[in-house]
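Have a look at the structure below before the remarks.
All values derive from a computational prediction rather than experimental measurement. Read the numbers this way: they start at 1 and go in the same order the structure lists the ligands and their atoms.
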Amino acid sequence: MYTGLQHAHSGLAYLVLLGVAISFIAALAGLLGGKTFTDKNRKLGLLGLIPTHLQWVIGLILYFVSPLGLNSASGAAMKDATTRLYVLEHPLMMVLAVILITIGYSKAKRQVGTNTGFKTMTIFYGLGLILILSRIPWNAWLV
Ligand code: HEM
């Protein structure tokens with residue numbers, strides 16, 4: 001079960017990055033173009049929201065079964081940058097990113113027909129993307 005979850009989490013990370021980046025760029029383009037936020041634009045936001053939600057559920061389970069998650073939590077672990085990343089920083093920042101993206105989508109959904117939906121999505125998805133990029137274990141992932 002652990003290996004399967006590990007592969008799913010690792011593979012889904014590509015879809016998360018791609019989906020959130022597409023939603024963000026589309027929202028930014030709409031904002032800069034001064035267009036009206038339509039239902040089609042709202043649906044583009046789902047490209048970022050859906051893989052991110054799936055990913056955090058898998059991540060949460062992984063946190064309890066992985067030797068790198070809760071199992072390695074200790075006072076000494078906090079002094080080591082790599083263990084601290086897996087035990088604390090990665091889960092915390094990713095959950096914050098999921099919350100930001102979810103708030104962004106929910107707010108923008110209620111702004112269909114206005115131009116503010118683009119601004120909302122640009123800010124919340126943009127902040128979420130920065131948090132995700134800042135705490136991905138790049139060295140372990142891209143080898
Ligand atoms: C947007 C959300 C997330 C993204 C994009 C993401 C991405 C990643 C990536 C790329 C890796 C490295 C995979 C590899 O070594 O091949 C990883 C590992 C890990 N993630 Fe996440 N993650 C997310 C959310 C979470 C959450 C919410 C948790 C826990 C609550 C979590 C727990 C873990 C754990 C424990 C590992 C280490 C797994 C292992 O190799 O044993 N992740 N994550």
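Side-chain atoms of Trp138 come within 3.5 Å of backbone N or O of Leu133 as a donor-acceptor pair. Listed for the His9 side chain is no donor-acceptor partner under 3.5 Å among the backbone atoms of Leu5. For Ser134 (side chain) and Leu131 (main-chain N/O), a donor-acceptor pair under 3.5 Å exists by modelled atom type.
Counting only residues at least two apart or in different chains, salt bridge (Lys or Arg N to Asp or Glu O under 4.0 Å) contacts with residues 84-106 comprise Arg84-Glu89, Glu89-Arg135.
Scanning for ring-ring contact (aromatic ring centres under 6.0 Å, His included) contacts around Tyr14 gives Trp141, with sequence neighbours left out. The ring-ring contact (aromatic ring centres under 6.0 Å, His included) search around Phe118 returns Phe37, not counting sequence neighbours.
Judged by distance alone, the side chains of Gln6 and Ser66 never bring a donor and an acceptor atom under 3.5 Å apart.
The protein heavy-atom contact nearest to atom 40 (O) of ligand 1 is Gln6 NE2, 2.9 Å. Among all protein heavy atoms, the one lying closest to atom 35 (C) of ligand 1 is Tyr63 CA, 3.9 Å. Atom 36 (C) of ligand 1 has Tyr86 CD2, 3.9 Å as its closest protein atom, hydrogens excluded (heavy atom only).
Looking at Trp56 next to ligand 1, no N or O pair under 3.5 Å apart turns up. Residue Ser10 has at least one nitrogen or oxygen atom sitting less than 3.5 Å from a nitrogen or oxygen atom of ligand 1, judged on distance alone.
At a 4.0 Å cut-off, not a single heavy atom of Trp138 sits close enough to ligand 1 to count as contact.
Side-chain contact check for Leu49 versus Thr52: every heavy-atom pair is 4.5 Å or farther apart.
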Before giving the answer on side-chain contact (heavy atoms from CB on, under 4.5 Å), spell out for Val87 and Tyr63 the whole-Å C-alpha distance, their side-chain angles and the decisive distance to 0.1 Å. CA-CA 8 Å; Val87 172; Tyr63 192 67; 3.8 Å; yes

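Protein atoms that are N, O or S and lie under 2.8 Å from atom 21 (Fe) of ligand 1 are these: His9 NE2, His90 NE2.
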